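So you know, we letter chains A, B, ... as the sequences are listed, proteins then strands, and number each from 1. Fair warning: this is a prediction, and the values are worked out from it, not measured in the lab.
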Amino acid sequence: METLTKAKEMPKAYDPKKVEGRLYEFWEKGGFFKPRIDPNKRPFVISMPPPNVTGELHLGHAIVDTIEDIMIRWHRMKGDPTLWLPGSDHASIAVHYVIDKGLTSRSPEMDGLLKDIGFPPPPGRKSLARQDLGREWFLKLGWAWRERYSGIIKKQHERLGASCDWSRERFTMDPGLSRAVRESFVRLYNKGLIYRGQYLANRCPRCGTVVSDLEVVHEEERGKLYYVRYPLTGGDDEYVTVATTRPETILGDTAVAVHPGDQRYKDVVGRYAILPVLGRTIPIIADESVDPSFGTGAVKVTPAHDPTDYEIGQRHKLQFINVMNPDGTMNQYAGIYAGMDRFACRKALVAHLEGQGLLAKVEDYVHAIGHCQRCDTILEPSISEQWFVKTKPLALPAIAAVRDGRIRIIPERFTKIYHNWMENIRDWCISRQLWWGHRIPVWYCDACGKESVTVEETLPACLQCGSDRVRQDPDILDTWFSSALWPFSTLGWPEETDDLKYFYPTSVLETAYDILFFWVARMIMMGLECTGDIPFDTVYLHGMIRDERGMRMSKTKGNVVNPLDVMDEFGTDALRFTLVTGSTPGNDMKLSRQKVENSRNFTNKLWNAARFVLQAIENKEEVKPLPVQEIPEERLLLPDQWILSRHHRLCAEVDRLMADYQFGEAGRQIYEFLWGEFCDWYIEASKIRLYGHDPEARAATMSILLYVLERTLRLLHPFMPFVTEEIWQHLLFSKAAAMVLPNLPGEPALFTSKEGGRGSIMVAPYPQAEERYYNDAAEREMGLVLEIVRAIRNARVEFEVEPNRRIAALIAAGSNAGWLGDQAAVIAALARVDPERLAIAPHLAEKPSQALGLVVGTVEVLLPLAGMIDLAAEQARLEREMAATESEIARAVALLGNASFVSRAPANVVEKEKEKLAALQERLDKLFRRKEALRA
RNA sequence: GGGCGAAUAGCUCAGCCGGGAGAGCAUCUGACUUACAUUCAGAAGGUCACAGGUUCGAGCCCUGUUUCGCCCACCA
């Protein structure tokens with residue numbers, strides 16, 4: 001591809017900005033994001049949670065993209081046919097909210113859109129409401145808005161490196177998905193699972209619509225509890241006192257209720273009270289639901305404005321009087337308060353009651369009030385005619401699917417939360433008095449008065465009587481209704497498309513835990529109902545991202561971190577790596593700049609390690625690196641065997657962790673290996689042979705450097721797609737390519753794009769562990785070498801040896817002397833010991849009089865530092881070490897002296913303890929002799 | 001009122017199957033050693049919230065307690 005220009009040499013610094021956009025384009029144009037369909041393999045499929053078209057991406061989207069992209073890239077590299085289907089959600093109420101705000105404030109953006117759609121511009125700067133536009137214009141505005149933001153959203157997914165199949169992008173209001181909405185509505189309607197009726201629902205006066213129970217946010221607030229006297233009829237100054245937090249609802253009272261067993265009121269039950277202000281006569285009734293211990297034990301009953309009262313009203317066949325308009329003002333049933341706002345009415349009514357001497361008392365009272373999830377306005381429960389989904393019959397199979405393990409929820413604790421909600425599920429109010437969304441597919445006939453339901457977009461004539469005097473229900477459906485169909489509506493349902501047959505059910509549904517009920521639970525119900533199958537087999541829930549202080553990010557708090565800013569500064573890979581390694585499933589994470597910076601440093605480290613390896617190969621013209629498999633065994637030295645063993649164990653571990661959805665831990669393991677083992681030790685040790693005179697040794701070293709680097713790039717690719725691809729491309733163009741490519745198992749076609757273009761790391765096979773490289777002896781021996789080096793470095797610093805000074809070292813290695821002797825060059829280089837004055841032998845022939853004595857395992861290291869050693873200090877150091885060793889010996893002795901430990905602990909644990917004790921004793925002995933020698 | 005999560009180094013967090021606790025950042029020493037100062041070498045720092053229990057052995061399992069956070073719930 002021309003988009004990738006071959007660079008002869010890797011630039012000194014990695015610049016994400018110059019790389020990321022170019023690579024994304026290369027991937028997308030190369031067709032790498034599209035699934036390679038194989039009828040014989042089960043595909044791996046994720047439906048991307050569709051972001052709302054309300055605005056730009058935030059960190060919540062970034063973590064979704066990151067985790068899903070990791071899963072997707074991993075499966076794709078493993079050779080699974082892999083589909084990640086992207087899209088966006090029309091988000092009706094959320095879009096209404098942002099458009100309303102733009103219209104009210106006459107924001108330049110909204111005015112611009114109005115101009116674009118050709119809406120006659122209203123004069124002046126007067127604020128607009130959606131009613132000023134009317135339904136048609138408002139919908140045009142919605143589409144214009146959607147057009148703008150879906151483009152922005154796609155760009156942001158690209159920035160994040162999301163390898164989703166854009167050719168299958170969907171929008172919840174696409175014709176096909178809209179058709180799926182109507183189809184499912186009709187099916188449920190025909191089965192009696194969707195019904196219409198007068199029920200109590202939460203209405204948001206600001207949004208102008210009812211919302212479902214889930215959209216109610218309960219918040220504790222300080223309010224007042226008003227005690228109001230209701231005079232009794234036919235009595236002398238008799239009254240019953242009730243308590244209420246919402247005095248304005250008194251206007252809708254149709255009864256007073258007490259508990260049937262309440263002795264205080266047993267004489268008034270059956271009598272009547274006079275409703276204050278309005279003077280209506282209302283009955284006093286007995287109902288079990290009243291709590292005699294609360295307030296006065298008598299409660300006013302407002303069936304049209306309170307859920308409990310609604311039920312009392314039903315039981316006692318009371319009158320339902322709705323006293324408010326949809327916008328929160330009082331209606332004609334409110335008497336003199338008609339037209340007044342509900343809260344103004346409250347104030348006026350309380351004053352009125354007080355004036356009449358009917359206000360007994362007012363208490364401060366903290367209670368939970370329902371707010372609108374979208375705009376935070378206090379909701380008004382009120383009765384109205386709405387559409388509902390009967391959820392209990394849908395919940396039963398959904399509960400079973402999770403209970404019997406067909407669907408697994410990660411982390412597991414959410415399973416309990418899911419069941420708790422499902423088992424207590426209430427009917428779902430799905431109608432909304434809004435415009436932007438799917439119109440309810442029901443038509444009412446003015447001729448016969450019956451209703452018709454159809455999957456067709458329009459209905460020319462009544463299905464019952466044929467009259468053309470039909471009008472569609474003005475309401476639209478809850479956004480989540482269409483979201484609930486997402487896993488299959490996006491694949492073509494209700495048509496039996498090839499995609500639906502092949503890709504459904506999908507594999508993993510990954511999202512934030514806060515929409516478990518809104519979305520996940522409903523997808524399971526609707527999936528089972530509509531397709532007869534589960535919509536996905538695994539639910540993976542991630543946590544929320546908070547700011548550095550653990551606060552929830554919100555626009556009003558002003559603490560929102562824009563992922564674009566972070567990516568601009570540190571690169572996409574750094575942000576992704578931070579998000580995934582800094583979190584565990586289901587737990588919230590705090591994001592800080594420092595964490596991202598650290599990840600950026602890691603990309604830099606990787607970049608430079610790669611630069612080192614490539615330069616090492618390119619600069620040695622005469623040497624031909626071999627595939628690792630072809631390196632003669634005698635050429636594989638201890639560090640080689642060690643890094644190969646470590647690398648293959650890493651592959652096994654990463655594979656296990658990925659399969660177990662522990663992506664963060666997998667990322668951390670790769671980080672540890674790459675930085676702490678490959679860079680810190682292997683590369684440093686390799687320099688000896690790389691800069692040495694033996695061409696075959698050089699070749700072998702290069703081979704291993706390249707082999708381990710290239711495979712680790714592939715391991716890391718799902719986490720950090722850009723930097724790994726960029727380096728990998730440099731490898732492809734290097735002389736090393738000939739060596740790298742034959743080493744990759746699998747079909748060659750995998751490495752090329754669908755069009756047969758250049759290869760990409762994203763379709764190269766994911767590295768698998770090969771047990772023949774496991775080498776316990778090499779790991780143990782190299783471990784000792786590293787310990788010796790660390791001990792010498794440590795001593796150098798402690799005794800203030802100049803950093804550049806090469807010192808002498810004598811190592812008494814006992815039975816280890818043979819193989820350890822072979823590592824002399826490594827020890828000398830890494831510990832800055834003079835190779836000429838490094839002696840490794842079973843025992844030391846001569847012991848220098850003034851020397852530091854280090855005991856490393858069973859090996860003794862003497863550093864003759866004549867003139868630099870403070871004898872007293874050295875003596876003290878040795879004594880400290882002896883004391884520490886003695887206390888460890890004491891523990892081991894006690895443990896092994898414990899008969900029950902020896903008899904009941906597993907044999908290998910006991911054996912390990914014995915070996916440890918022996919080693920400790922040897923160490924103590926050596927330290928003691930060292931101290932004696934010092935004295936001599 | 002129910003339920004869930006968290007509590008581990010100064011800070012932010014890992015820690016799988018129970019077998020003498022780790023990382024990053026911050027701090028302190030030192031180093032421009034030819035991949036990398038976005039680096040390297042080294043140091044210091046922990047009663048794993050508390051109290052019991054199970055076990056030969058507990059950060060991990062069980063019971064209770066405390067603190068913080070979250071979710072669900074129609075006490076007006």
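Of the C1' atoms belonging to B/rG22 and B/rG5, the separation is 23 Å, rounded to the nearest Å. Taking atom C1' in both B/rU54 and B/rC60, one finds a spacing of 14 Å when rounded to whole Å. Nucleotides B/rC75 and B/rG2 have their P atoms positioned 13 Å apart, rounded to a whole Å. A gap of 11 Å separates the C1' atoms of B/rU39 and B/rU33, to the nearest Å. Taking atom P in both B/rG59 and B/rA9, the straight-line distance is 15 Å, to the nearest Å. The gap from the P atom of B/rC25 to that of B/rA41 amounts to 12 Å, rounded to the nearest Å. To the nearest whole angstrom, the two P atoms, one in B/rG30 and one in B/rA23, are 23 Å apart. Atom name C1', nucleotides B/rC72 and B/rG64: the rounded distance is 25 Å, in whole Å.
Donor-acceptor pairing under 3.5 Å is lacking for the side chains of A/Glu888 and A/Thr885. No side-chain N or O of A/Thr701 forms a donor-acceptor pair with one of A/Ser686 less than 3.5 Å apart.
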> Nucleotide by nucleotide, 5' to 3', does protein get under 4.0 Å of the base (B), only the sugar-phosphate (S), or neither (-) in nucleotides 52-61 of chain B, counting heavy atoms?
Replying inline: ----B-----
> What one-letter contact string describes nucleotides 70-76 of chain B from 5' to 3', where B marks a base within less than 4.0 Å of any protein heavy atom, S marks contact via sugar-phosphate atoms alone, and - marks no contact?
Replying inline: --SSBBB
> Can you give one letter per nucleotide of nucleotides 31-42 of chain B, 5' to 3': B if a protein heavy atom sits under 4.0 Å from the base, S if only from the sugar-phosphate, - if neither?
Replying inline: S-B-BB-BSSSS
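Here B/rA14 presents its C1' atom at 17 Å from CZ of A/Phe663, a figure rounded to the nearest Å. One atom, CG of A/Leu896, and another, C1' of B/rG19, lie 13 Å apart when rounded to the nearest Å. Nucleotide B/rG3 holds its C1' atom 12 Å from the CZ atom of A/Phe414, rounded to whole Å. When the C1' atom of B/rC11 is taken as reference, atom CG of A/Asp547 falls 15 Å away, rounded to whole Å. Rounded to a whole Å, the CD atom of A/Gln669 is 14 Å from the P atom of B/rG24. The interatomic distance linking A/Gln594 (CD) with B/rC11 (C1') rounds to 9 Å, in whole Å. The distance from atom CD1 of A/Ile409 to atom P of B/rC4 is 15 Å, rounded to the nearest whole Å. Rounded to a whole Å, the OH atom of A/Tyr418 is 19 Å from the P atom of B/rG5.
Evaluation of the salt bridge (charged side-chain N to carboxylate O under 4.0 Å, His left out) test over residues 294-304 of chain A, restricted to residues two or more places apart or in two chains, returns A/Asp253-A/Lys300. Each side chain to side chain donor-acceptor pair (under 3.5 Å) pair with one or both residues in residues 409-419 of chain A, not counting sequence neighbours, appears once here: A/Arg413-A/Asn587. The side chain to side chain donor-acceptor pair (under 3.5 Å) analysis of residues 654-669 of chain A, with sequence neighbours excluded, yields the pairs A/Glu653-A/Arg656, A/Asp660-A/Gln662, A/Glu665-A/Arg668, A/Glu665-A/Gln669.
Taking A/Ala257 as the reference, A/Ile285, A/Val290, A/Val299, A/Val301 meet the side-chain contact (heavy atoms from CB on, under 4.5 Å) condition, with sequence neighbours excluded. Residues satisfying the ring pair (Phe, Tyr, Trp, His ring centres under 6.0 Å) test with A/Tyr310, not counting sequence neighbours, are A/Phe320. Among residues two or more places apart in sequence or in another chain, the salt bridge (Lys or Arg N to Asp or Glu O under 4.0 Å) test is passed with A/Arg790 by none. In terms of the ring pair (Phe, Tyr, Trp, His ring centres under 6.0 Å) criterion, A/Tyr230 has no residue partners (sequence neighbours excluded). The salt bridge (Lys or Arg N to Asp or Glu O under 4.0 Å) test applied to A/Glu288 returns no partner, not counting sequence neighbours.
A/Glu802 comes within 4.0 angstrom of nothing in the nucleic acid, heavy atoms only. In this structure, A/Glu800 reaches neither bases nor backbone, as no heavy-atom distance under 4.0 Å exists between it and the strands shown.
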>> Run the salt bridge (charged side-chain N to carboxylate O under 4.0 Å, His left out) test on A/Arg923 and A/Glu881 for me, step by step, so that the C-alpha distance in whole Å, both residues' side-chain angles and the decisive distance to 0.1 Å come before the verdict.
In response: CA-CA 10 Å; A/Arg923 176 179 165 82; A/Glu881 290 208 20; 2.7 Å; yes
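Nearest to the side chain of A/Arg413, among B/rC16, B/rG5, B/rG19, sits B/rG5. Listed candidates were B/rA14, B/rC4, B/rC16. Nearest to the side chain of A/Glu665 is B/rA14.
No side-chain donor-acceptor contact under 3.5 Å links A/Arg346 to the backbone of A/Arg246.
OP1 or OP2 of B/rC13 has not a single side-chain nitrogen or oxygen of A/Lys595 nearer than 4.0 Å. For B/rC13, one of the phosphate oxygens OP1 or OP2 lies less than 4.0 angstrom from a side-chain nitrogen or oxygen of A/Lys590.
Both key distances under 3.5 Å define a Watson-Crick or G-U pair, and stretches of 3 or more such consecutive pairs in RNA chain B run B:1-7 with B:66-72, B:10-13 with B:22-25, B:27-31 with B:39-43, B:49-53 with B:61-65.
Between A/Lys224 and A/Asp364 there is a salt bridge, since a side-chain N of the basic residue sits under 4.0 Å from a carboxylate O of the acidic one.
In summary, of the residues considered (A/Trp421, A/Phe517, A/Tyr513), a ring pair (Phe, Tyr, Trp, His ring centres under 6.0 Å) with A/Phe414 occurs for A/Tyr513 alone.
Classification of B/rC17 as syn follows from a glycosidic angle within 90° of 0.
Stacking of A/Lys687 on the aromatic ring of A/Phe612 is recorded, both the 6.0 Å distance cut-off and the 45° axial limit being met.
Using a 4.5 Å heavy-atom cutoff, the side chains of A/His316 and A/Ile312 are in contact.
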